[in-house]
*Asks:* 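Let me begin by handing over the structure; questions about it come next.
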Amino acid sequence: MVDKVLVANRSAIARRVIRACHDLGLASVALYSEADADAPYLAEASQALPLPGHQALETYLNQDLILRAAEQSGADSIHPGYGFLSENAEFAARVVKQGLTFIGPDPKWLAAMGDKVAARKLFADQGFPVFAGSDRLADEDSARQEAERIGYPVMLKPAGGGGGMGMEVVHDPEQLSNALQRAKTIAQRAFGDGAVYLERWLSHPRHIEIQVMGDGQGRALHLFERECSVQRRNQKLIEESPAPNISRSQVVELAENAARVCTQLGYNNVGTLETLFTRQSAAQPSTAQAGEFGFLEMNTRIQVEHGVTEMVTGVDLVQQQILLAGGAGLPVEVKQQGFAIEARVYAEDAQTLLPSTGQLHRFHYPRLFGVRVETGYQQGQIVTPYYDALLAKVIACGDTREMAIGRLLVALQAFEIVGVSTNIVLLQKVLKDPCFLAGEVDTGIIARMLGE
Amino acid sequence: MASYEVESEVTGNVWKVLLKPGAAVSEGDVIMILESMKMEIPVEAPHNGTLAEVLVQPEDQVEEDQLLAIIQAAQA
């Protein structure tokens, strides 16, 4: 039974979950740190409870406090949003143990996919394409052997990580020793697990991910792809669906493969399979890019960019999460129609990419046909250094890719933000870039545009 | 001898201080790493010289334009 949902998150995603609860006729409980006391999502929830403190560790990552708030408010379920505790298997298990419904996959899937090495193996065993890589590295000697086997350059990655943090490219054997130390230190600090592994390094791949959902009872389906290659510092900036400039049949085959594996595994609730796509060097400019896909990781939560999929499929993914957690079945069929594209407006300098904090003296966003804005901020609120820099997600749809991009540009132009710097100029630059417009995107596009 | 003030470009907190006072620095050397909005921000030496003072320590909260360190320039 899901009747009252506690939202263990903040800002745009808290607001999004509260809206889904409202749409389903369910009560919602918001949580807020001292830094978020002025955020608009509090008033939209049925009830709001404070978390003392500012830092994520004392507030949105504080399991004891959140579980107590659930008990105190009489919530029967917890939606973790994204980030924070959303992929924490221990937390999900504690939620279940307390007799509440965790709105997400079974805790065993959080554990299985949280171990990046085990997840690679799981998907490889099911016949899903996976690029060459190693097991957890025991010591420097085994790192050397494995790097030789995979072939330089290689990528060092935290086994307990994800989201692009703590990765190191190693171009030759001389760099390995230092890179290994650095990667282990960052992995320990960021994820509490110093274990690292190696993967084949790809030069400017494309990042394409498949949205899936399962009922945990032998049925899973895909909701097509999102192209997420436009990134800075391994963080996504622009996402779209369908992916341009790639063979439709190859993408659909990948998506069906993803659904097949999730069916076989018995995966439940929503999830995303992130993959990399590496082009064959001899691709003809005028034809769709030829190349191969490889599994990157599986995210066992709603993604920041879920709205892109919602706009091309008409499926409300957050409502689906809640319904599936309550025991409902999957939609019968999902179709992809039209084009959707999202830009992430960050509080950061458009050139230096340095984060920017301060009070939003003016914060106005447009309400336009075919455009959806998801933000956790309102005018007068302070953008603090305690959490990530996402100010707003702007999602536009259209009958053609050009129409969706055009609408997105109009919407970005109509934003008025005074008090912090934003990356809107950079987003506009990307959306007008000839390579981007031609669908020639890869993870190196921002660095090339900034002249790095 | 000229001295150079190293200021914070962001509001955030100090994650790690990598160099101690007295250390010889070259332009571009990372003196400390700040953290803001879940990003790591390296603070680099603006000039060759000696690190004369470090005015913050790990966990300290820092404001934009706050003085973090002072570098005594090497003689030309």
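Protein chains get the first letters and strands the later ones, always in sequence-line order, with residue 1 at the start of each. Because only heavy atoms are used, hydrogens play no part in the values below, and waters and symmetry mates are left out as well, while side chains stay in.
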*Asks:* Measure the spacing between CD1 of A/I382 and OG1 of B/T11 and express it to the nearest 0.5 Å.
*Replies:* 11.0 Å
*Asks:* With respect to chain B, which residue among A/D349, A/L354, A/T384, A/T352 yields the maximal number of heavy-atom pairs within a distance under 4.5 Å?
*Replies:* A/L354
*Asks:* Taking CD in B/E59 as the centre, count heavy atoms belonging to other residues, nucleotides or ligands within less than 6.0 Å. Is the count above 12?
*Replies:*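 Counting neighbours around CD of B/E59, 12 or fewer heavy atoms of other residues, nucleotides or ligands fall under 6.0 Å, so no.
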*Asks:* Any side-chain heavy atom of A/D388 within less than 4.5 Å of one from B/K38?
*Replies:*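 With C-beta onward as the side chain, the pair touches.
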*Asks:* Taking every heavy-atom pair that is under 4.5 Å apart, which of A/G358, A/A389, A/A56 has the most such pairs with chain B?
*Replies:*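 Option with the greatest count: A/A389.
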*Asks:* Give, for atom NE2 of A/H54 and atom CD of B/Q61, the distance between the pair rounded to the nearest 0.5 Å.
*Replies:* 8.0 Å
*Asks:* Select one option (side chain, backbone, both, neither) describing which atoms of A/A347 are under 4.5 Å from chain B's heavy atoms.
*Replies:* both
*Asks:* In terms of heavy-atom contacts, does OH of A/Y82 have more than 12 from other residues, nucleotides or ligands at under 6.0 Å?
*Replies:*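 For A/Y82, atom OH is crowded (more than 12 foreign heavy atoms under 6.0 Å).
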*Asks:* Considering only heavy atoms from C-beta outward, does the side chain of A/P355 approach that of B/I41 to under 4.5 Å?
*Replies:*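 A/P355 vs B/I41: side chains touch.
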*Asks:* If every non-hydrogen atom of B/M39 is compared with every non-hydrogen atom of A/L353, which pair is closest and at what distance?
*Replies:*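 In this case the closest contact between B/M39 and A/L353 is SD-O, 4.2 Å.
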*Asks:* Under a 4.5 Å cut-off applied to non-hydrogen side-chain atoms, are B/M37 and A/L390 in contact?
*Replies:*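 SC-SC contact between B/M37 and A/L390 ruled out.
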*Asks:* Evaluate side chain to side chain contact (heavy atoms under 4.5 Å, CB included) for A/E348 paired with B/V10, printing each intermediate quantity in order.
*Replies:* CA-CA 10 Å; A/E348 64 182 25; B/V10 298; over 6 Å; no
*Asks:* If you draw a 6.0 Å radius around CD in B/E9, do more than 12 non-hydrogen atoms from other residues or ligands fall strictly inside?
*Replies:*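 Count not over threshold, so no.
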*Asks:* Under 4.5 Å heavy-atom distance to chain B, tell me which part of A/S356 shows up: side chain, backbone, both or neither.
*Replies:* backbone
*Asks:* So, taking the atom named CD in B/E64 and the one named OG1 in A/T357, what distance separates them when rounded to the nearest 0.5 Å?
*Replies:*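 B/E64 CD to A/T357 OG1: 6.5 Å, rounded to 0.5 Å.
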